[in-house]
Amino acid sequence: MDETIAAIATPPGEGGIGIVRISGADAIALIDKIFVPKYQNDWQKKLSHHLYLGYIQDGEKIIDEVLVAVMKGPKSFTKEDVVEINCHGGYLPLRLTLELVLQSGARLAEPGEFSKRAFLNGRLDLAQAEAIIDVIHANSRKGLETAINQLEGKLSQKITALRQEILGILAFLEAAIDFPEDEIEALSHKQIEAKLSSIKSTIRTLIKSYNTGKVYRDGIRTVIVGRPNVGKSSLLNALLKENRAIVTDIPGTTRDIIEEFINLGGVSLKIVDTAGIRSTEDIVEKIGVEKSLAAMEEADLVLVMADAVQGLTKEDQEILELVQRAEKKYLLLINKIDLVEEAVLELEKYKDNVLFISAKEELGLEELGQAVQALFQEGQIAISNDLLVTKLRHYEALVRTEKHIAETEQALKKNLPEEFLAIDLRAAWEILGEITGGTVTEDLVERIFADFCIGK
């Protein structure tokens, strides 16, 4: 980490401002080579966390008028000296400024290298660093809140506390192993059992929160299915408030799947409109039907649409049977209620999952949002923002930790020697350390930060 690194830290494309970020021991000396301040006396002080107006120049040639921010370590994101050059947000001024920075002694940063340096320098732990990606990619307010909580270290604090509890038990066990003849104040089996039970309970709470956390981060993969012309595309358009899908009276208009993100009832949905499911000899439509069935298999939630005018047909019931056999969460939406005075349908089998809507007139959409939220939370752990696990890596580590805690409990019940208890407890302590980075391998660190964008 001796090298000074640089990269464009803002997205590609034109905008009001674009930022070139520099971090490392030579960051301030480097900016002195290419920055000509408008007010020389102020620049001489180079006060940290101040903005300075001036020009980026290649010799006598002005590249851009800029604002330069100096952030001296350790009070910076990477805990190193950081300089950020606020250019005009066009491709050329940013690219030419970066090239000049690289010519002056910096090297181009690798993906996620700024965040990696923040982790390696102790500014963030690994779970907090990973939360940066979730903040960037958040597609709902709840997802953003969860990511911010993790960035602030709430999950890390819980994991650290668990590791401390395990370490406390380990200290007594290993003292008893190392000094068997000394009179060391030992924990009784009952005390150890109570501590293990408390640790396991907290771990289980975190494990159970994963389904909720995953949905807040990624959204619920929701697939709209049904016969042709029951209003699937009309529902998608109504939810999106735009004409995203083609709507006609001709069966088989939709031949491919359409995916969009929407927010419904406070929950983010990755919603998929599919081709109508029916028997057909049309080769292209048949491919669309196959894609619809495949999308349904991958769904977290299925919205099955039927027609209030035609009633619940044999084809509708076959689709519902497919959904139920796949054990998918679903809602049966009876559409086009604006066209009938009263929908007389045999719905006893599905009564807990039925909603009446009109996609065209946008009736029942609020109730749909409420139903999705209720279905999503049904049987779930009560949502607590500071205890949501959103990463598969964290979830798997917690599952492995719980297994070792359970094995420690079994060893305790069998009155096995302290050595056997200590083996599983130490494994649990080390696995939890993988979440925050306390016991993480270099390969894993490289893999995690490789998923970041350059400049972050």
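Here the options are E407, E430, E434, the test is salt bridge (Lys or Arg N to Asp or Glu O under 4.0 Å), and the partner is R400; only E434 passes.
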What do the steps show when you test L322 against R325 for side-chain contact (heavy atoms from CB on, under 4.5 Å), and what is the final call? CA-CA 5 Å; L322 278 174; R325 277 203 302 272; 3.4 Å; yes
Under the criterion salt bridge (Lys or Arg N to Asp or Glu O under 4.0 Å), I'd like the reasoning laid out for K391 against D134: C-alpha separation, chi angles, the key distance, then a yes or no. CA-CA 9 Å; K391 298 283 187 188; D134 287 350; 3.2 Å; yes
Kindly determine whether T401 and L432 satisfy side-chain contact (heavy atoms from CB on, under 4.5 Å), including the steps that lead there. CA-CA 7 Å; T401 302; L432 286 176; 3.7 Å; yes
Take E110 and K116 through the salt bridge (Lys or Arg N to Asp or Glu O under 4.0 Å) test and state the conclusion after the steps. CA-CA 10 Å; E110 297 170 0; K116 181 180 174 183; 5.0 Å; no
So S48 and K75, side-chain contact (heavy atoms from CB on, under 4.5 Å) or not? Walk me through it. CA-CA 9 Å; S48 186; K75 293 182 178 180; 5.6 Å; no
Derivation of the side-chain contact (heavy atoms from CB on, under 4.5 Å) call for I431 and K403: CA-CA 11 Å; I431 292 167; K403 183 183 175 186; over 6 Å; no
For the pair S156 and Q128, evaluate side chain to side chain donor-acceptor pair (under 3.5 Å) and give the outcome as yes or no after the intermediate values. CA-CA 7 Å; S156 300; Q128 288 175 294; 4.7 Å; no
Before you tell me yes or no, could you show the steps for D316 and T313 under side chain to side chain donor-acceptor pair (under 3.5 Å), namely the whole-Å CA-CA distance, both residues' side-chain angles and the distance that decides it to 0.1 Å? CA-CA 5 Å; D316 294 328; T313 67; 3.1 Å; yes
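Considering every non-hydrogen atom in both A106 and L30, the closest pair reads N-CD1, 3.5 Å. Nearest heavy atoms, L124 versus A129: CD1-CA, 4.1 Å. Scanning both residues, L94 and G18, for their nearest heavy atoms gives CD2-C, 3.5 Å. Between S209 and L206 the shortest heavy-atom distance is OG-O, 2.6 Å. Residues Y52 and L47 come closest through the heavy atom pair OH-N, 2.6 Å. Nearest heavy-atom pair, A27 versus D81, reported as atom, atom and distance to 0.1 Å: CB-O, 3.6 Å.
Counting only heavy atoms from C-beta outward, the side chains of R426 and L170 approach each other to under 4.5 Å. Contact check for L303 versus V225: no side-chain heavy atoms found under the 4.5 Å cut-off. When side chains are defined from C-beta on, D307 counts as touching R227, because their heavy atoms get closer than 4.5 Å. Between I169 and I199 the shortest side-chain heavy-atom distance falls below 4.5 Å. Looking at K328 and V223, their side chains never come closer than 4.5 Å, going by heavy atoms from C-beta outward. Within the 4.5 Å cutoff, the side chain of V101 has heavy atoms near those of the I85 side chain. Looking only at side-chain heavy atoms (C-beta outward), V399 and I207 come within less than 4.5 Å of each other. Looking only at side-chain heavy atoms (C-beta outward), L398 and I435 come within less than 4.5 Å of each other.
Judged purely by atom type and a 3.5 angstrom limit, D300 has no side-chain atom pairing as donor or acceptor with the backbone of I220. With hydrogens and angles ignored, the 3.5 Å screen pairs a side-chain donor or acceptor of T4 with a backbone N or O of D26. K72 contributes no side-chain N or O that, together with a main-chain N or O of I28, makes up a donor-acceptor pair within less than 3.5 Å. In this structure, the side chain of N121 does not engage the main chain of R123 through any donor-acceptor pair within 3.5 Å.
E193 is linked by a side-chain contact (heavy atoms from CB on, under 4.5 Å) to L412, counting only residues two or more places apart in sequence or in another chain. A131 meets the side-chain contact (heavy atoms from CB on, under 4.5 Å) test with Q150, L151; sequence neighbours excluded. Partners of F77 by ring pair (Phe, Tyr, Trp, His ring centres under 6.0 Å), not counting sequence neighbours: none found. Partners of K456 under the side-chain contact (heavy atoms from CB on, under 4.5 Å) rule, at least two apart in sequence or in another chain, are R21, S115, I132, I136, F452, C453. A search for side-chain contact (heavy atoms from CB on, under 4.5 Å) contacts involving P74 returns K79, not counting sequence neighbours.
Crowding of Q317 atom CD: a count of heavy atoms from other residues, nucleotides or ligands under 6.0 Å exceeding 12. For CZ of F119, the number of neighbouring non-hydrogen atoms (other residues, nucleotides, ligands) closer than 6.0 Å is greater than 12. Around the CD1 atom of I17, the shell of radius 6.0 Å holds no more than 12 heavy atoms that belong to other residues, nucleotides or ligands.
With values rounded to the nearest 0.5 angstrom, R163 atom CZ is found 9.5 Å from I159 atom CD1. I224 contributes atom CD1, which lies 10.0 Å from atom CG of L301 (distance to the nearest 0.5 angstrom). The CD1 atom of I148 sits 10.5 Å away from the NZ atom of K154 when rounded to the nearest 0.5 Å. Between the OG1 atom in T408 and the CD1 atom in I192 there is a gap of 10.0 Å [rounded to 0.5 Å]. Taking CD of E80 as the start and CD1 of I22 as the end, the distance is 12.5 Å to the nearest 0.5 Å. The NZ atom of K158 sits 11.0 Å away from the OG1 atom of T160 when rounded to the nearest 0.5 Å.
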Quiz: residues 355-365 side-chain donor-acceptor pairs under 3.5 angstrom, not counting sequence neighbours:
| unit_1 | atom_1 | unit_2 | atom_2 | d |
| --- | --- | --- | --- | --- |
| S358 | OG | D338 | OD1 | 2.8 |
| S358 | OG | E361 | N | 3.1 |
| E362 | OE1 | K241 | NZ | 3.2 |

